[in-house]
Structures are given as structure tokens and as C-alpha cells.
Amino acid sequence: MTEFKRIGVLTSGGDAPGMNAAVRAVTRSALLCGVEVMGIYGGYQGLMDDDMKLFTSRDVAGIISHGGTILYSARAAEFKTEEGMAKAISVCRKNHIDGLVVIGGDGTFRGATDLSVRGIKTVGIPGTIDNDISSTDYTIGFDTAMNTVIELIDKIRDTCESHARCDVVEVMGRNAGDIAIQTGLATGAVAVAVGELPFDEEAAIERIKKARNNGKRNFIVVVAEGKKNFAEGFTTRIEERTGVESRFTRLGHVQRGGSPTLRDRVTASLMGQFAVDKLFEGQSDIVVCERNSKIVAMNIGFALNVDKMFKNKLTDEDKAKISPEDLRKMEEICLERQAKKMQLYNTARITCV
Ligand code: ATP
């Protein structure tokens, strides 16, 4: 038995394939417990605007294979203000919503904390193709985006082979190089450049020259969008320094769409059901994470601090407010994450030619 009578579900921030599978799992898990579900349209903007609909199981039928989000998404600056927050709370009260599951990125989780402290029990689910939420090993949409990237790069590589060309391909990921590293490895890129790790341009150029002299005809370089103002200039330098005709391709938003892969459908479903379980246990202000292949719950404040620590943004002032035990746990998560990233990066470098 649960104290809840009605919960809401919304998707917020950038969309990601698999969000629909999460919405479906949240809806059906709650309905099975006799709890009603409001589908809230357009993220926190829709919450403030009272744009929602009571969902039946049929409302989430046939969506598990669809990209995007049937609930739509939006960025809502007003929600960060006291007035916006007050509007959202009063809409929740008016519609008898006593719990919320929000699917999005770290901005969405900050909003979830704000709602939690004001009495609306809220649980977050990580949905972004970027895999840039450091508290979780995996974010919904990451696998689909990477599969889209490798499919496209494989095609580019075919034409590079025919014409003996190089193509520098810029992939998404915001400030995280996770998409670039894994797709670079999986497509046999001759070099992978990401914002958060040093890149030896000279070594990459020499590698291309040597491989070309050994008879290699196609050269793929994968660059993360987080390596700012680099990819186009590097394309020119490759051509000038190696004599290999070089092109630049920015894959863009094609990476955000498409039918979710099995990995995303399954993970989103597990996370959706887990979020509802935790909510009905009375938990709030938590985010669902995947850690070492297990679905776990993490306090949002802790998760946001892990993220800051991983991105070297945790100040001494922040650290002073965190217990030594939590700091140790945070360091462990960051070290594991960094080790996984380095392993992939090194394997990409070692196996590329
Ligand atoms: P993505 O990683 O895909 O960008 P995100 O969830 O981080 O996803 P944001 O645009 O940062 O995307 O946040 C989504 C929404 O969450 C914002 O439009 C805003 O309504 C709310 N939000 C963001 N930051 C805060 C905050 N500090 N306090 C309250 N609400 C916030």
C-alpha cells in the first residue's frame, strides 16, 4: 500500500531516445499500484502552466520504440524563480499531485530538489545522450546516440576509402567526451580529441602520415563538441601537413533522434519502475543511477557534488560542508569513472592503426 493517490511525470532539458520508455514504465508501474498518473507536457514550463493530462495505460501504448518524448520538453527559466516555483507548487496542489518523477539532466534535478524541499516528493531519472552526469555510469539515450554516430561514420568511412580522404567528424556530448571516445574506438578512428583530456596533435599527424605510407586510405578523426574551436582548424592542418585531402563533418542533432536501442529501452524501463518504487517507499530528492551495472538511488545534492568534483568545480568551501565519509565515497565514484574513461581512450589510441 502507498500513501500516494496521484503522481506526475515530466521530461525536461534536452530530449533523448528512451525517455518514452521511462515515461511508459513510470506510468504503468504506478497504475499497477492503484496510483493515478498525470502526464505533464513541456517539462517544468508545462507544470507551471497546468498543461497536463490524466494518463491511462493506453496513453503510453506503442511509445517504447519511439524517439523524442511524447511529453515534449522545454527549458523554463521562470521555474528557477520563487514566483515560478510557487506557481508549480500550487498547480501540483490543485491537481492533487503528491509526487513527481522528472526525467532530464542536472538542471532538471536541481528543480527536483527545489520541489522536494517544498513538500512535493520528487525523484529524478537521468535522460541525456551526453552521458555527462557523473553520479551515474549511464544516462538514457547515450547508447542510441552512439549507435547513430557509428552508423553515420561507417558510411563516411566508405567514401573516405574510395577517395583516399580524411574526415574529421564532430560529435555531440556537450562538455563530455564520452560519445567521442566510444564511437572513435568503435569506428577505428585514427585519432580522438575531447575537451577534458590532453590531445597530442603532432602524434596524430605523424600517425596519419605513417599509416598513409603503409597504404591506409581512409582516415577518420572523431572530435567531441567539448573540444571548442578545434575540429575545423584541425581539418585544414591535417590536409596541409599530410597531403591527405580532408573534410569536416558536424553530425549535429541527428544524434538526438531515432528509435531507442535495446540498451536504452531496457535501462529506461528499469529506471522508471525503480523511481516509482522509491517514491512509493516515501523517498524524495533522489536521482536514479546506474552504478557498476546496478540501479541505485542517490541523494540529488550528493549526486550534484559528485558531478562538480568530477568536473573539478568543487571548491574548498563546498568541501567544508561535506562529511569526510561522503567525500571519500565521492572520490571513489570519480576515480572509477575516470579509470573507465581512460581505459576506453587508451584502447582507442592503441588499436587505431
Ligand atoms: P540537459 O543536460 O539535456 O541540458 P538539463 O536538465 O540539465 O538537461 P536544463 O535546461 O539545465 O537541462 O534544465 C532543465 C530545466 O530545469 C530548466 O529549464 C529549468 O526549468 C529547471 N532548472 C534548471 N536549473 C535549475 C535550478 N538551479 N533550480 C531550479 N530549476 C532549475
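All values derive from a computational prediction rather than experimental measurement. The residues of the chain are indexed from 1 along the displayed sequence. Remember, it's 1-based here, ligands and their atoms both numbered in the order they're listed.
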Pairs of nitrogen or oxygen atoms closer than 3.5 Å, one from [X] and one from ligand 1: do any exist?
X: Arg174; answer: yes
X: Gly14; answer: yes
X: Asp106; answer: yes
X: Asp130; answer: no
X: Gly105; answer: yes
X: Arg75; answer: yes

Does the distance from a Lys or Arg side-chain N to an Asp or Glu carboxylate O, for Arg157 and Glu161, drop under 4.0 Å?
no
Salt bridge between Glu331 and Arg328, side-chain N to carboxylate O under 4.0 Å?
no
What protein heavy atom sits nearest [atom], and how far away is it?
atom: atom 27 (N) of ligand 1; value: Arg110 CD, 3.4 Å
atom: atom 6 (O) of ligand 1; value: Thr108 OG1, 2.4 Å
atom: atom 15 (C) of ligand 1; value: Ser12 OG, 3.5 Å
atom: atom 21 (C) of ligand 1; value: Tyr44 CD1, 3.6 Å

Is the number of heavy atoms from other residues, nucleotides or ligands within 6.0 Å of CD (Glu206) greater than 12?
yes
Between Gly107, Ala76, Ala77, which one has a non-hydrogen atom sitting closest to atom 17 (C) of ligand 1?
Ala76
For ligand 1, is any non-hydrogen atom under 4.0 Å from Asp114's backbone (N, CA, C, O), its side chain (CB onward), both, or neither?
side chain
Considering only heavy atoms from C-beta outward, does the side chain of Arg247 approach that of Cys160 to under 4.5 Å?
no
Answer yes or no: is there a side-chain heavy-atom contact under 4.5 Å between Asp114 and Tyr44?
no
Per-atom contacts, ligand 1 versus Gly111 - under 4.0 Å to a heavy atom:
29 (C), 30 (N), 31 (C)
Tyr138 pairs by side chain to side chain donor-acceptor pair (under 3.5 Å) with which of Thr267, Asp178, Asn131, Asp264?
Asp264
Indicate the ring-plane relationship of Tyr72 and Tyr41, choosing parallel, tilted or perpendicular according to the 30° and 60° boundaries.
tilted
Tell me every residue that passes side chain to side chain donor-acceptor pair (under 3.5 Å) with Arg349, counting only those two or more places apart in sequence or in another chain.
Asn346
Please confirm whether Met85 approaches ligand 1 to less than 4.0 Å, judged on its heavy atoms.
no
Asn305 and Asp318: side-chain hydrogen bond (donor to acceptor under 3.5 Å, both in side chains), yes or no, with the steps?
CA-CA 8 Å; Asn305 278 332; Asp318 293 327; over 6 Å; no
